[in-house]
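Chain letters run A, B, ... following the sequence lines, proteins first and then strands; every chain starts at 1.
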2 protein chains.
Amino acid sequence: MEEKLVKFESAFSIDCVIFGFEAGELKILLIERKDNPFKDWLALPGDLVKNHEGIEESAERILYELTGLRDLHMEQFHTFGDVNRHPRGRIITVAYYALIRIDGQRELKPGNFAKKALWHSVNDLPKLAYDHTEIFKTGFTKLRRRLSYQPIAYELLPEKFTLTQLQQLYEAILNKKLDKRNFRKKMLSYGFLKELDEKQKNVSFRAAKLYKFDRRKYSKIFQNELGVDIDNP
Amino acid sequence: MEEKLVKFESAFSIDCVIFGFEAGELKILLIERKDNPFKDWLALPGDLVKNHEGIEESAERILYELTGLRDLHMEQFHTFGDVNRHPRGRIITVAYYALIRIDGQRELKPGNFAKKALWHSVNDLPKLAYDHTEIFKTGFTKLRRRLSYQPIAYELLPEKFTLTQLQQLYEAILNKKLDKRNFRKKMLSYGFLKELDEKQKNVSFRAAKLYKFDRRKYSKIFQNELGVDIDNP
DNA sequence: ACAAAAGTGTTAAAGCTACACCCATGA
DNA sequence: TCATGGGTGTAGCTTTAACACTTTTGT
């Protein structure tokens, strides 16, 4: 373009609702803030977007800094821009959710603003800093809706999982009981679950068959359904 | 809070995809830019968010300045924040769509950046300024999805409408033909369409019955379905 | 042997799809 | 009287919902 560039100072941030599934419960990752404002409160992980950083890029950076994980499914779900949402000035925030496999071994690195990062059950959250409670609720609603038309559950489960685990996850997200037989029938009918020659180990009862999600088959089955790009609908 | 406020300069804007339905076609409102960058290009109506203006408020202001309409259904659908999306600097934009009843009489006031505002069929759009083509496409996809679980069609039709008009609108949004009998059966089965004692006028064929959308009945029927707030799902 | 979860079918109801003709009206 | 869209029913198929017992395994 022929005109000079105008330089603005960034005034936007990213906040992330990071979902995980553990012990039959849906959880999110929260940090405990070490500085004001909201010192000692729990908050969603987030940061200002840097000047030469796209917002997707920024969301991925924040997640990486906290969890050491890259290339996860992140999805922007809403932008919050009330004038007074941030006590330090006019900062609007773009909210993303991420789905990750909780791995007890992985060490979480809380980063600059946080004392520690911990998993909290979505059913038992305290009041969060800023407008983060509202952000969480909006994100959870979007996740729930998305579950009905996208195979996102598999991002939260280990690579190999049992049908009961899958069902528990659906129940945790949808917050209702499902019928075991109907659930299995339906999931298997889609044809994108691959039954493995393996079973659960170290359980004190009959071991269940393990399955994995076959992304190839999924894409083949649902490609161009309504002309919608499956990875960006 | 005890600390001093930090003042940022705003660097975000709103862009609006304004849908209307006319002559059996789904249309959007575009402005022709009168200044650089993108002088003479078509663009979505948009503006910078003012310093003391919430983003919803800003979206409503922009729509009002352009159309003279207030209190319309506006829905935020995505935020676009590529580093280079705007030639003048780092400006991220929050995109909204609005649904309006096209009224041939209403005068559109294009505002500061625009020479004129005109309706364009969604099936025949030229390349738009900035990343507005992408913004439009994303918005259209979200609109289409939303149609399947929210009664948004009624925002686009006149208060009194025929079932054929309703069907044409669905066909325009979903971009496919629907079966007349099945469509009517289904719409009427919901129970929130009120049949009026009135018929179409000034048509050169058998006049069709007029219906209107009964928002009260709708709310009663669908309240708390899955615990989701119907106006903010 | 018992506790715990795995695994498995059938039936009825509801919803969806496909399909074609007569009717009312104004020109 | 003709052209135009308005208005209507049925049958087959698919999908969903409700429902309970036997099997396997480890302790």
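- Backbone-only contact: A:T164 has heavy atoms under 4.0 Å from sugar-phosphate atoms and none from a base.
- B:F140 has its side chain out of reach of B:V17: every pair of non-hydrogen atoms, C-beta onward, lies at least 4.5 Å apart.
- For the pair A:A208 and A:R181, nearest-nucleotide mapping onto DNA chain C gives the more 5' position to A:A208.
- Atom NZ in B:K209 sits about 15 Å away from atom C1' in C:dT25, given to the nearest Å.
- A donor-acceptor contact under 3.5 Å is formed by the side chain of A:R206 with the base of C:dA6.
- In terms of position on DNA chain D, the residue among B:D179 and B:T162 whose nearest nucleotide sits closer to the 5' end is B:T162.
- Cation-pi check for A:R146 over A:Y97 is not met; the charged atom does not lie both under 6.0 angstrom from the ring centroid and within 45 degrees of its normal.
- For the ring-ring contact (aromatic ring centres under 6.0 Å, His included) criterion with A:F161, the lone passing option out of A:Y154, A:Y170, A:F213 is A:Y154.
- Residue A:R184 places at least one side-chain N or O under 4.0 Å from the OP1 or OP2 atom of C:dG7.
- Counting atom types as modelled, A:K180 pairs a side-chain N or O with a base atom of C:dG7 as donor and acceptor under 3.5 Å.
- Side-chain nitrogen and oxygen atoms of A:S204 include none within less than 4.0 Å of the OP1 or OP2 phosphate oxygen of C:dA4.
- Comparing A:L163 and B:V203 along DNA chain C, the residue whose closest nucleotide (by nearest heavy atom) sits nearer the 5' end is A:L163.
- If you take CD of A:Q200 and C1' of C:dA4, they are 12 Å apart, rounded to a whole angstrom.
- The neighbour count for B:E159 CD, taken as heavy atoms of other residues, nucleotides or ligands under 6.0 Å away, does not exceed 12.
- Regarding A:N182, its CG atom lies at a distance of 14 Å from the P atom of C:dT8, rounded to whole Å.
- Side-chain contact check for A:Y96 and A:E60: no donor-acceptor pair (N or O, by modelled atom type) lies under 3.5 Å.
- Between the C1' atom of C:dC19 and the NZ atom of B:K177 lies a distance of 17 Å, rounded to the nearest Å.
- Atom CD of B:E198 is separated from atom P of D:dG6 by 17 Å (rounded to the nearest Å).
- To the nearest angstrom, C1' of D:dG7 lies 17 Å from CE of B:M187.
- As rounded to whole Å, 6 Å separates atom P of D:dG6 from atom CZ of B:F205.
- Not a single donor-acceptor contact under 3.5 angstrom links the side-chain atoms of B:K199 to the base of C:dT25.
- Judged by distance alone with a 3.5 Å cut-off, a donor-acceptor contact links the side chain of B:K185 to the base of D:dT10.
- Between the C1' atom of D:dT25 and the NZ atom of A:K201 lies a distance of 15 Å, rounded to the nearest Å.
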